[in-house]
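Only one structure is covered here, and it is reproduced in the block below.
Heavy-atom basis, side chains included; hydrogens, waters and symmetry copies ignored. The structure presented is a predicted model; accordingly, all values stated were derived computationally and were not measured.
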Amino acid sequence: MQVKRTTLSLQSIFAVLAASLWLFGVLAEDVVEQDPFSFDPALLLYLHHQATPALDRIMVFITNAGSAAVLIPIEIALATFFLFRKRWWELKFFCVLIGGTGALNFVAKQLFARSRPDLWVSIVAEHTYSFPSGHAMHSVALACALGIFLRRTEMRYPAMMLGILFVLLIGVSRLYLGVHYPSDVLAGWSAAIAWSTAVFLLFPPQHVKN
């Protein structure tokens, strides 16, 4: 029974990896071929039409909460906690996951060199390339890490719900502010899920030695 359960778990993990890689590949191919996504401008303009001064402030606050300036200190603090507690697997997994996410996002942005949306003048200034969304990738990677660390605790379900909510809010804020296309955010999510899954396979938790 245990072998069957393990086999099913591995099949699920590989299915998630394959699906996320497929989605990223589809999006990346159209970006390279400069084949526009019809839903990109339509969704951005719809969200822009909902704009109000109060909602502007809320979305700027949310997008700032998902910025490197906020998340990196939190991640350093978490890595330091693992270091002092001698939680070597968690430290290794977390550093590879978060460091790799940043590196992959930087390389992908330079490789695809997609310009930011210019449907209106955004109240948030961004000067890097657009594809894939760094905010989307970073938020998913952090949410996946916390979900994996808390998977065997009573906090696993609240952590999962809060992680999903955090990821969705960050993604919506980037679209509302007009600094990313929906396809950028989808690509960021799929790339981060693929990378998180790959790191989980490379450093399986059963190898933990406390």
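A donor-acceptor distance shorter than 3.5 angstrom exists from the side chain of His49 to the backbone of Leu45, with no hydrogens or angles considered. Judged purely by atom type and a 3.5 angstrom limit, Gln34 has no side-chain atom pairing as donor or acceptor with the backbone of Asp30. With Asp56 contributing its side chain and Ala51 its backbone, the two residues share no donor-acceptor pair below 3.5 Å. Formation of a donor-acceptor pair under 3.5 Å by the Trp120 side chain with backbone atoms of Gly178 is not found in this model.
Inspection of the His135 and Glu126 side chains reveals no N or O donor paired with an N or O acceptor under 3.5 Å.
Minimum interatomic distance between Pro132 and Asn105 (heavy atoms only, all atoms of both residues): O-ND2, 3.1 Å. Of all heavy-atom pairs between Thr153 and Leu150, the closest is OG1-O, 2.9 Å.
Side-chain contact between Arg152 and Arg156 is absent, with no heavy-atom pair separated by less than 4.5 Å. Side chains of Thr63 and Tyr176 form no contact here, defined as non-hydrogen atoms less than 4.5 Å apart. The side-chain heavy atoms of Asn64 and Val60, taken from C-beta on, include a pair separated by under 4.5 Å.
Within 6.0 Å of NZ on Lys109 lie more than 12 heavy atoms contributed by other residues, nucleotides or ligands. In Phe39, the CZ atom is crowded: over 12 heavy atoms of neighbouring residues, nucleotides or ligands sit closer than 6.0 Å. In this structure, Glu154 places its CD atom where only 12 or fewer heavy-atom neighbours from other residues, nucleotides or ligands lie under 6.0 Å away.
A continuous path of hydrophobic side-chain contacts links Met59 to Leu165 [ILVMFWY only; heavy atoms under 4.5 Å]. Cluster annotation: Val185 is not connected to Leu71 through the hydrophobic network of ILVMFWY side chains, with a link wherever side-chain heavy atoms come within less than 4.5 Å. If you chain together hydrophobic residues whose side chains sit under 4.5 Å apart, Ile98 and Met137 fall into the same group. Under the 4.5 Å side-chain heavy-atom criterion for ILVMFWY residues, a single connected hydrophobic cluster contains both Phe37 and Trp189. Residues Phe81 and Trp89 share a single hydrophobic cluster, defined by chaining ILVMFWY side chains whose heavy atoms lie under 4.5 Å apart.
Considering Ser133, Pro117, Pro36 as possible partners of Tyr181, the one that fulfils the side-chain contact (heavy atoms from CB on, under 4.5 Å) test is Pro117. Under the side chain to side chain donor-acceptor pair (under 3.5 Å) rule, His180 has a single partner from Ser130, Ser122, Ser173, which is Ser130.
Atom CG of Leu83 sits about 13.0 Å away from atom CZ of Phe94, to the nearest 0.5 Å.
Salt-bridge annotation for Asp40 and Arg114: present, with a side-chain N of the basic residue lying under 4.0 Å from a carboxylate O of the acidic one.
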N/O donor to acceptor pairs below 3.5 angstrom from side-chain atoms of residues 20-27, sequence neighbours left out:
from  : atom 1 : to    : atom 2 : distance (Å)
Ser20 : OG     : Val16 : O      : 2.9
Ser20 : OG     : Leu17 : O      : 3.0

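In summary, the aromatic rings of Phe82 and Phe149 are positioned with their centroids under 6.0 Å apart. Taking the six-membered ring for Trp, Phe203 and Phe93 have ring centres at least 6.0 Å apart.
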